[in-house]
Amino acid sequence: KQWIVVGADDTKIRVFNYNTSEKLKVVDEHTDFIRYLAVHPTLPYVISCSDDQTIKLLDWDKSWAKVNSYEDHEHYIMQVAINPKDPSMFASASLDRLIKIWTIPQPGKVPAGKTNANYSLVGHQAGVNCIDFCSSPDRPHLVSGGDDGHVKVWDYQTKQCLFTFDKGGHTDNVSSVSFHPDLPIILSAGEDNVVNIWN
């Protein structure tokens, strides 16, 4: 697929061919700003999250039909991330201070209408803006950043917070976090104009 998929503040998702600039599709499933899109690595799915407090799972093989709607957050949903080690799992970060873990149904298997999350990771004192899964095969870890200025590392199997980077970290909202793909390093960026590298 020679596509760029774009989510916008006008609540629309647009699909473009990046070679021809042709607009291929407009998807109208949200009612407020779209914050983030994630493309599934193997299935014909795009996951979108929005200020309308919903997450949509869309199937491009079925004319971008909605496969599922996930509705368990109580504030804007800022980011979604698919687990690279288990692509049937994804996480969401919300300004309700929670990270939620969800299941992606397999194609052809109609969801049972369950829109509640499998479980929540609780520990941030303010809204959560960003998340990332660790790709290392032996580490079931997720990193998050929040409006409390904290960067937290979680074990998503035991549902425990393993570590909080707060001393000498950020003095304002954390807007982006990322595990390095190879090195034992976490990067975080904040609205304090600082990028931190954690070992």
Side-chain angles (χ1 to χ4, degrees), residues 1-96 98-118 120 127-135 142-145 156 173 175-179 181 189:
K1 306 296 185 200
Q2 298 173 335
W3 294 348
I4 296 174
V5 186
V6 182
D9 285 357
D10 66 2
T11 76
K12 306 287 194 294
I13 297 170
R14 292 176 177 84
V15 185
F16 297 91
N17 181 304
Y18 57 69
N19 285 321
T20 65
S21 302
E22 178 189 0
K23 182 166 63 179
L24 304 174
K25 185 75 176 177
V26 179
V27 183
D28 191 4
E29 285 288 347
H30 287 286
T31 59
D32 207 338
F33 296 170
I34 296 170
R35 292 286 183 169
Y36 202 86
L37 301 171
V39 179
H40 196 279
T42 56
L43 299 175
Y45 290 161
V46 170
I47 304 173
S48 59
C49 64
S50 167
D51 286 3
D52 65 12
Q53 303 178 27
T54 71
I55 299 165
K56 307 291 184 182
L57 180 65
L58 308 168
D59 185 336
W60 68 67
D61 275 354
K62 296 182 177 172
S63 294
W64 294 87
K66 181 179 70 179
V67 176
N68 206 0
S69 182
Y70 301 87
E71 302 174 17
D72 203 21
H73 279 295
E74 296 180 359
H75 209 316
Y76 302 163
I77 305 169
M78 305 301 286
Q79 188 178 350
V80 288
I82 299 169
N83 186 346
K85 298 191 293 287
D86 178 7
S88 69
M89 173 195 294
F90 75 95
S92 58
S94 171
L95 295 190
D96 64 8
L98 299 177
I99 301 154
K100 290 184 180 282
I101 305 296
W102 313 81
T103 299
I104 299 172
Q106 291 300 305
K109 295 188 177 176
V110 178
K114 180 179 184 296
T115 62
N116 292 342
N118 298 334
S120 299
V128 186
N129 296 314
C130 46
I131 45 175
D132 189 34
F133 281 99
C134 181
S135 58
L142 179 102
V143 63
S144 62
Y156 56 77
N173 304 342
S175 52
S176 183
V177 289
S178 181
F179 280 101

Parallel, tilted or perpendicular, judged at 30° and 60°: which one describes the rings of Tyr70 and Trp102? perpendicular

Residue pair Met89 / Thr103, side-chain heavy-atom distance below 4.5 Å: no

If you look at every heavy atom in Ile34 and Gly7, which pair is closest and at what distance? CG2-CA, 3.9 Å

Roughly how far apart are Trp3 CH2 and Asn19 CG, rounded to 0.5 Å? 13.5 Å

For the backbone of Thr31 and the side chain of Asp52, can you confirm whether one donor and one acceptor N or O come within less than 3.5 Å of each other? yes

Under 4.5 Å between any side-chain heavy atoms of Val46 and Trp64, yes or no? yes

Is the backbone N or O of Gln53 less than 3.5 Å from a side-chain atom of His75, with the two atoms forming a donor-acceptor pair by type? no

Are the side chains of Gln79 and Ser92 in contact, using a 4.5 Å heavy-atom criterion? no

Which pair of non-hydrogen atoms, one from Thr54 and one from Glu71, has the smallest distance, and what is that distance? CG2-CG, 3.7 Å

Does any part of the side chain of Val15, heavy atoms only, come nearer than 4.5 Å to the side chain of Ile4, both counted from C-beta? no

After noting the C-alpha distance and the side-chain angles of Ser69 and Lys56, does the key distance pass the side-chain hydrogen bond (donor to acceptor under 3.5 Å, both in side chains) rule? CA-CA 5 Å; Ser69 182; Lys56 307 291 184 182; 3.1 Å; yes

4.5 Å side-chain heavy-atom contact, Val67 and Leu58: no

Residues Pro105 and Leu43: closest non-hydrogen pair is O-CD1, 4.4 Å

Given side chains that start at C-beta, do those of Trp60 and Tyr45 come closer than 4.5 Å, heavy atoms only? no

Partner of Phe16 under side chain to side chain contact (heavy atoms under 4.5 Å, CB included), picked from Val5, Val6, Leu24, is Val6

Do Glu22 and Asn17 get their side chains close enough for a donor-acceptor pair, meaning under 3.5 Å? no

Please report the shortest heavy-atom distance between Ser178 and Val143, naming the atom on each side. N-CG1, 4.4 Å

Looking only at heavy atoms, which two atoms of Asn129 and Met78 are closest? And how far apart? O-CB, 3.4 Å

Quick one: CZ on Phe133 to OH on Tyr156, what's the gap to the nearest 0.5 Å? 6.5 Å

Check whether the side chains of Asp86 and Ser88 place a donor and an acceptor atom closer than 3.5 Å, and report yes or no. yes

In this structure, OG of Ser50 is separated from NE2 of His30 (nearest 0.5 Å) by 5.0 Å

Derivation of the side-chain contact (heavy atoms from CB on, under 4.5 Å) call for Val128 and Leu95: CA-CA 5 Å; Val128 186; Leu95 295 190; over 6 Å; no

Just by modelled atom types, is the Ala189 backbone N or O under 3.5 Å from a matching donor or acceptor in the Ser175 side chain? yes

For Pro84 and Cys134 the tightest heavy-atom approach is CG-O, 4.2 Å

Are Leu142 and Ile99 close enough that some pair of their side-chain heavy atoms sits under 4.5 Å apart? yes

Compute whether any side-chain donor of one residue and acceptor of the other, for Asp32 and Thr11, lie under 3.5 angstrom apart. no

Is a side-chain donor-acceptor pair under 3.5 Å present for Lys100 with Ser120? yes

If you define the side chain from C-beta out and look only at heavy atoms, does anything of Pro41 sit under 4.5 Å from Ile82? yes

To the nearest 0.5 Å, atom CD1 of Ile47 lies from atom CD1 of Ile77 at 11.5 Å

More than 12 heavy atoms of other residues, nucleotides or ligands under 6.0 Å from NZ of Lys12: is that the case? yes

Between atom CZ of Phe33 and atom SG of Cys49, what is the distance when rounded to the nearest 0.5 Å? 14.0 Å

Step by step, work out the side-chain contact (heavy atoms from CB on, under 4.5 Å) result for Ser48 and Glu29. CA-CA 9 Å; Ser48 59; Glu29 285 288 347; 6.0 Å; no

Under a plain distance cut-off of 3.5 Å, with no hydrogens placed, do Tyr76 and Asp96 share a side-chain donor-acceptor pair? no

Would you give the length of the straight line joining atom CG of Leu57 to atom CG of Asp59, rounded to the nearest 0.5 angstrom? 7.5 Å

Near Lys85 NZ, under 6.0 Å, is it more than 12 heavy atoms from other residues, nucleotides or ligands? yes

